[in-house]
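Structure first, commentary second.
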Amino acid sequence: MTEYLLLRHRNQGEENIADLDTYLALGGFEAYKNIVTTMTPESVVEIIKASGLRGRGGAGFPTGLKWSFLSNRFPRYVVANSDESEPGTFKDREILEHNPFQFLEGLMICAYAAQSEVAYNYCRGEFWELTHKLEEKVHQLNDYGFLGTQIFNTDYSLQVYHHLGAGAYICGEESALLESIEGKLGQPRLKPPFPADRGLYQSPTVVNNTETLTNVPLIMSRGPDWYKSIGTEKSCGPKIMCLSGHAKHPGNYETELGITFRELIYDLAGGIKGDRNLKAIMPSGASAPILPANDEVLDTPLTYEDVPNIGSQLGSASIILLDDTVDISWAVNKTMKFFKHESCGKCTPCREGTYWMSHLLGRINSNVAETKDIKLLEEVANQVTGKCLCPLGDFSTSAVVSGLELFREDFDFHLSNGNQSIQDVNI
Amino acid sequence: MSKEDNILVTKYGDQIQVILDRYPDDQKRSAVMPLLFLAQREGLQITDVIMDEIANILGVSTTQVASIVGFYTLYYLQSGGRNRIQICTDLPCALRGSDDFANQVCDTLGVKIGETTEDSEFTVEAVMCLAACDKAPVFQIHNSEGISYFENQTISDVQSLIDQLVKVPEILEEDDK
């Protein structure tokens with residue numbers, strides 16, 4: 001794939017597509033105008049279903065299907081999830097900065113398909129400057145008549161608003177995000193009911209990730225068959241792979257779904273920093289099992305179906321590379337500090353479990369742990385897994401369980417070598 | 001309500017209305033987060049008086065407002081420096097040296113992580129992922145103007161930023177003290 005469809009579609013040259021007139025001159029919002037003036041909402045949903053688009057926020061749920069689940073009640077809401085907070089994920093921010101109108105067009109098409117007249121874009125609070133820029137762009141769209149009442153002289157009305165979060169990873173979970181817009185603590189709801197039935201203000205609601213929505217104008221203008229021709233049968237379309245950690249050239253790489261870890265890491269990103277050896281890969285940020293960097297893993301295609309076959313998840317494709325200087329027990333300790341900080345506190349296994357796992361990992365990393373501490377760590381991880389309201393609890397144990405299974409020597413090292421200092425990981 | 005209970009309404013009446021208009025008429029509580037951000041323009045701290053006022057505007061209890069302040073990390077009950085330097089030390093950034101970088105920033109300012117400089121200009125904090133992992137070391141500055149990102153930073157970048165941010169000393173006030 002030589003064309004950039006998400007990061008700078010309509011900008012294969014040097015044009016600044018974050019400028020509305022430039023975006024329009026390159027064909028932007030033609031799909032939206034065509035849809036609002038000539039298509040039924042149901043036919044839009046059918047096209048998205050036929051495209052095979054799956055949610056890019058991590059779960060990979062079929063997008064068209066999600067849209068078709070909306071209960072037959074009004075008002076309905078559409079919410080974009082721009083709460084990008086998974087360690088190692090930085091794709092939505094680049095879309096919002098460099099290709100904001102393609103995202104907004106996708107959000108607006110989604111709203112039309114959902115027969116919603118109000119859409120919110122929930123941005124993490126740290127995206128303060130970016131969100132103020134996006135609000136300006138929404139004002140422009142109002143001025144140009146793409147938003148407001150009687151859009152293109154039809155009966156359709158739509159307003160887009162921004163809602164800033166304030167520093168809480170858990171608000172990336174869709175029901176917690178809705179609670180947050182409602183002015184409550186960002187704590188996940190018990191499901192069912194799902195947002196499609198009881199979402200924002202108890203109304204039927206679609207929540208989609210920013211990157212997912214940025215795919216929508218492409219599908220609507222070029223057709224579902226074209227879209228399906230990209231990627232694999234079960235994982236269609238382009239995907240932004242966020243590469244971080246010990247990559248020689250970290251960054252966002254837009255590729256077809258289905259390229260292998262090896263192609264991404266060595267062909268596109270230049271390999272490992274300092275030409276060191278790759279030790280492990282975290283394919284989905286802090287939230288999925290760690291993978292060993294062996295040939296089987298490196299030759300695995302990055303798809304929703306293939307990564308689970310080797311014991312992890314594609315998630316949002318936030319790929320963290322760990323070279324052979326990294327002490328995996330240190331890395332796991334880092335991820336656990338994150339989850340301990342971000343646990344919303346609603347359910348006991350997660351709130352207490354992340355605290356105790358962090359405590360135990362801290363002991364291990366301080367070289368004061370005994371063998372029984374590692375056993376206790378395993379036990380606590382097992383007691384958290386599968387027992388929480390939302391996925392955060394399970395996410396928190398992924399690195400612990402896989403780290404202990406694959407790299408046990410990195411944990412044992414701290415027991416047997418008492419006071420010896422570990423290798424400096426910050427090379 | 002006395003006048004000092006109307007700090008936000010007096011100063012930001014129009015903006016409060018713009019914020020309220022984003023949400024359905026019967027869902028005013030949704031505005032609590034944007035109103036708290038608005039309040040922090042008056043100094044990066046949420047006071048009891050402000051929480052009471054926001055509760056009054058929204059028709060909710062002060063406890064409900066306080067729970068939001070407590071839950072979300074970008075609202076501050078404790079006063080800190082005029083600029084909060086929030087350095088990401090999460091795993092992807094740490095793999096690219098952010099822990100050492102954070103310590104160097106602390107040394108430059110003569111504080112430890114979590115502490116505030118004596119002149120109350122800066123607080124240094126270690127924070128969770130900022131979605132800029134490919135541009136580590138990275139930090140954000142949170143002050144009453146808002147939040148700005150600084151990416152691919154070196155310690156000399158930080159030094160010149162600190163020089164820019166430090167208030168020009170208000171000589172009379174400072175000297176008279």
Side-chain angles (χ1 to χ4, degrees), chain A residues 75 84-90 92-93 118 120 124-129 132 159 161-169 180-187 201 242-247 250-252 273 282 285-286 318 320-323 326 330-331 334-335 337-338 341-342 344-345 425-427, chain B residues 18-19 21-24 26-37 40 54 58 60 64-65 67-75 86 88-101 103 126-136 138 140-142 145-149 151:
Chain A
E84 179 167 62
S85 308
E86 178 71 40
T89 313
F90 41 88
D92 297 336
R93 183 168 161 238
V118 177
Y120 292 97
R124 62 178 295 182
E126 291 81 354
F127 291 175
W128 177 284
E129 286 185 330
H132 286 88
Q159 293 295 342
Y161 299 112
H162 282 79
H163 186 99
L164 264 183
Y169 167 76
S180 182
I181 299 181
E182 291 182 6
K184 300 170 189 164
L185 305 189
Q187 292 184 320
Y201 310 127
C242 309
L243 204 59
S244 65
H246 287 142
N252 282 319
K273 194 180 174 192
M282 299 177 76
S318 36
I320 307 171
L321 303 182
L322 311 175
D323 76 15
V326 177
W330 169 85
K334 275 277 180 192
T335 67
K337 276 186 186 163
F338 174 80
H341 184 265
E342 300 297 348
C344 79
V425 292
N426 293 321
I427 291 171
Chain B
V18 169
I19 289 169
D21 287 346
R22 292 179 201 156
Y23 308 101
D26 58 348
Q27 301 290 346
K28 277 185 171 181
R29 184 175 175 176
S30 282
V32 63
M33 292 174 71
L35 290 185
L36 285 166
F37 276 127
Q40 287 195 152
I54 291 176
L58 302 179
V60 299
Q64 284 171 325
V65 177
S67 71
I68 297 296
V69 177
F71 186 86
Y72 295 94
T73 56
L74 292 175
Y75 303 126
Q86 302 176 323
C88 176
T89 56
D90 233 333
L91 178 62
C93 280
L95 290 166
R96 303 188 81 85
S98 68
D99 282 320
D100 285 349
F101 176 77
N103 288 333
V127 297
M128 299 299 156
C129 188
L130 296 177
C133 323
D134 56 333
K135 301 185 179 71
V138 58
Q140 61 186 9
I141 302 268
H142 193 181
E145 309 286 308
I147 301 170
S148 307
Y149 272 54
E151 302 173 314

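In what follows, chains carry the letters A, B, and so on, assigned in the order in which the sequence lines appear, proteins first and then strands, with residues in each chain numbered from 1. Both backbone and side-chain heavy atoms feed into the values below; hydrogens, waters and symmetry mates do not.
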Smallest separation among heavy atoms of [X] and [Y], with atom names:
{"X": "A:Gly167", "Y": "B:Leu74", "answer": "N-CD1, 3.8 Å"}
{"X": "B:Tyr149", "Y": "A:Glu129", "answer": "N-OE1, 4.3 Å"}
{"X": "A:Val326", "Y": "A:Ala331", "answer": "CG1-CB, 4.3 Å"}

Flag the one option from [options] with the top tally of heavy-atom pairs under 4.5 Å to chain B.
{"options": "A:Tyr169, A:Phe127, A:Tyr120", "result": "A:Tyr120"}
{"options": "A:Lys337, A:Glu126, A:Gln187, A:His341", "result": "A:Glu126"}
{"options": "A:Leu243, A:Val118, A:Thr89", "result": "A:Thr89"}
{"options": "A:Ala168, A:Pro75, A:Pro87", "result": "A:Pro87"}
{"options": "A:Cys242, A:Ser180, A:Ala286", "result": "A:Ser180"}
{"options": "A:Ser318, A:Ser85, A:Cys344", "result": "A:Cys344"}

Chain A interface, residue from B:Asp90, B:Val65, B:Ile19, B:Val32 that has the most non-hydrogen pairs under 4.5 Å: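 Highest number of heavy-atom pairs under 4.5 Å: B:Asp90.
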Residue selection (most heavy-atom pairs with chain A, distance under 4.5 Å) from B:Thr89, B:Ile147, B:Thr73: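 Among the listed options, the one with the most contacts to chain A is B:Ile147.
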Name all residues meeting the salt bridge (charged side-chain N to carboxylate O under 4.0 Å, His left out) criterion together with B:Glu151; count only those two or more places apart in sequence or in a different chain, and write none if there are none.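 Per chain and number, B:Glu151 pairs via salt bridge (charged side-chain N to carboxylate O under 4.0 Å, His left out) with A:Arg93.
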Side-chain donor or acceptor of B:Tyr75 paired with backbone N/O of B:Gln40 under 3.5 Å: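 Here the side-chain-to-backbone pair does not exist.
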side-chain contact (heavy atoms from CB on, under 4.5 Å) with B:Ile54: which of B:Ile68, B:Val60, B:Leu36?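 By the side-chain contact (heavy atoms from CB on, under 4.5 Å) criterion, B:Ile54 pairs with just one of B:Ile68, B:Val60, B:Leu36: B:Leu36.
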Less than 4.0 angstrom from a charged side-chain N to a carboxylate O is my criterion; do A:Asp92 and A:Arg124 meet it?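 A salt bridge is absent here (no side-chain N lies under 4.0 Å from a carboxylate O).
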Give, as side chain, backbone, both or neither, the part of B:Asp21 having an atom under 4.5 angstrom from any heavy atom of chain A.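 Answer is backbone: N, CA, C or O of B:Asp21 sit under 4.5 Å from chain A.
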For B:Phe101, ring-ring contact (aromatic ring centres under 6.0 Å, His included) partners two or more places apart: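 So B:Phe101 forms no ring-ring contact (aromatic ring centres under 6.0 Å, His included) with any residue.
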Parallel, tilted or perpendicular: ring planes of A:His132 versus A:Trp128, cut at 30 and 60 degrees: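 Ring orientation of A:His132 relative to A:Trp128: tilted.
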Heavy-atom distances under 4.5 Å only: say whether [X] touches chain B with side chain, backbone, both or neither.
{"X": "A:His162", "result": "backbone"}
{"X": "A:Tyr161", "result": "side chain"}
{"X": "A:Ile320", "result": "side chain"}
{"X": "A:Glu86", "result": "backbone"}

